[in-house]
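Structure first, then comments.
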Amino acid sequence: MVSLLAISLALGACSTGNDDPMAEAEAAFAENDYRGARIYLMSALKENSADPAANLLYGKTLLRLGDGVAAEAAFKKLSNITQYQAEVQGLMAHALLLRNMPERALTLTENPNPQHASLAYWVKAQALLALDRKEEAVAALTDGLTAVPNDPRLLALRGNYEVDQRNISEARRTAALALKYGPDNLDALLLSGQLALMRQDLQVAKATFDKALELHPDSITPLFSVAAVNADLGNAKDAKANLKRILELAPGHPMALFLMAKIAFDDGDIDRAHALIQGAGETLNDVPGSALLRGEIAYLQGNHEQAIERLRKFLVDMPGHVQGTIVLGSALEAAGNEAEAYQLVKPAAQRANATPQLLALAAKLGRTQNDPLAASFATRAKVPQGRDDIALKMTEAGQAIANKQWAKADAIYADLRASGLDGNAIIMNNSALVQLELGNKAEAVTFARAALALTPDDPNVLDTLGWTLLQSDQDKGEALKLLRQASARAPGNLEIRWHLANALAANGQAAEAKRVISSLKAFASADQQAQIDELLARL
């Protein structure tokens, strides 16, 4: 993926003392030692600044280091040399992309040379995504993977887009293909690590990011990813060492400063976290989560109005964020605005992913507003005594579902329900999905209805009940109504849209079903394409 922050490493020119700096540069580049390659190339160019081979490799090295400005300057020296023009066109487009000039980059991606088509399609898709022209980006990726079907970088970009669209199952398949064709490809490794994080498999994520860092020691992204996973694993010492290394490579790196502040905050050192945030100044303004951290610090320091201002802005960008909702609700309550606090917290508490802390706050605020729902929130907030393994069990069940180990998942959820957690919407919703896979359709519908009763506005729960009704040949009309509601609440969820298309078809609404299906075809796997073709044939 294109770096969010272009990293310029201002190293002074120096003499390597080697008689063949170009050979040393090529060796360093092959080993992904881009900082070393840069030094050798500066020495080679000092001897002959017009050397085309040195300028080409220098530009490629600078691209790896995220310096689009200097890379563009190197490639311009080759613009009049015929033998380099085909390759340089795509490289120049990449440099412009790093300079945040997607429209200019696009002009260089048309009619790519077949030998360099992979980079051209990758840049084209990235540029279109940067311009929010998603349908065209999808088309560019599809064209690229048709021309170069086994390209790991194109596959990784497709996988990242699928993650953005919340099509996680397809993203996993795409990531597996990317790693198959490029086991050492940085983008493929980063995607695989990200997916491991999403399923809470921190050890696999760390191993993947460690491999990426070992293979690409000068890349900031795997270094930061390793630091973040170390922080999540409680390895604060290792995380701090990783962050220190980042700040040596890129002084003032916003994400590194943010994570250092977050580690201090989690350690309870509020003053240290505050000092780091203050010292970073405006560099953190575009860092996701920094507004939340600043709001949490302000709240704990008793600056409630400041916390409210910051957290309101945060929730504009991240509506429904659970922790942000909890802290803002608490700050509003502390400032005497209980009614506003409850209006904020109540919808979040009605979702399946509401935490016990959020539910407890909603119950307390609901009582101040004499809302009958307060009692149900209080009931859901209770965690059975003696079951401190609940989070571990739920993670284990989620992994069993991901691996299609339905009997194992069924046993775990049965244990959790028997422990008094049949009031947990996530457990009831996932129990329904497992029963559907096991063929127990009536029980699946029962569990799905119980989940919806707990969280009537959650799109995933609406989807589960709609899909179980459809698959159970029960009320097709109700199924369609539920799936329309789910799709309206989560329009970017491809799986919900697929379920909606099936419901439309089952209710005889062929034209609308075809429109929905047309939005799904671009990222369908071979198996999914077969299902789509089968449905289209029925229509």
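With contacts defined as side-chain heavy-atom distances shorter than 4.5 Å, the pair E170/R158 qualifies. The closest side-chain heavy-atom distance from I401 to W406 is below 4.5 Å. At least one side-chain heavy atom of L344 sits less than 4.5 Å from a side-chain heavy atom of L315.
Between E340 and K346, no side-chain nitrogen of the basic residue sits less than 4.0 Å from a carboxylate oxygen of the acidic one, so the salt-bridge criterion is not met. A salt bridge links E110 with K124: the closest approach of a Lys/Arg side-chain nitrogen to an acidic carboxylate oxygen falls below 4.0 angstrom. A salt bridge links R484 with E512: the closest approach of a Lys/Arg side-chain nitrogen to an acidic carboxylate oxygen falls below 4.0 angstrom. Using a 4.0 Å cut-off between charged nitrogen and carboxylate oxygen, K364 and E333 count as a salt-bridge pair. Under the 4.0 Å criterion applied to side-chain N and carboxylate O atoms, K262 and D266 are assigned as salt-bridge partners.
Counting only N and O atoms by type, the side chains of E296 and Q323 include a donor and acceptor under 3.5 Å apart. A donor and an acceptor atom, one from each side chain of E162 and T174, are located under 3.5 Å apart. Side-chain contact check for R153 and S118: no donor-acceptor pair (N or O, by modelled atom type) lies under 3.5 Å. For Y413 and N430, the side-chain atoms include at least one donor-acceptor pair closer than 3.5 Å. When only modelled atom types and interatomic distance are considered, D143 and Y121 share no side-chain donor-acceptor pair under 3.5 Å.
Residues that satisfy the side chain to side chain contact (heavy atoms under 4.5 Å, CB included) test with K514, not counting sequence neighbours, are L536, L539.
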For this session: Assess whether salt bridge (Lys or Arg N to Asp or Glu O under 4.0 Å) is satisfied between K206 and D232, documenting all intermediate values.
Result: CA-CA 10 Å; K206 185 177 185 305; D232 285 342; over 6 Å; no
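With respect to L465, the side-chain contact (heavy atoms from CB on, under 4.5 Å) criterion is satisfied by exactly one of L469, L462, V461: L469.
For N502 (side chain) and W498 (main-chain N/O), a donor-acceptor pair under 3.5 Å exists by modelled atom type.
Listed by first then second residue, pairs satisfying salt bridge (Lys or Arg N to Asp or Glu O under 4.0 Å) with a partner in residues 438-461 read R449-E478, D457-R489, not counting sequence neighbours. Within the structure, ring pair (Phe, Tyr, Trp, His ring centres under 6.0 Å) pairs that include any residue of residues 416-468 comprise W467-H499 (at least two apart or interchain).
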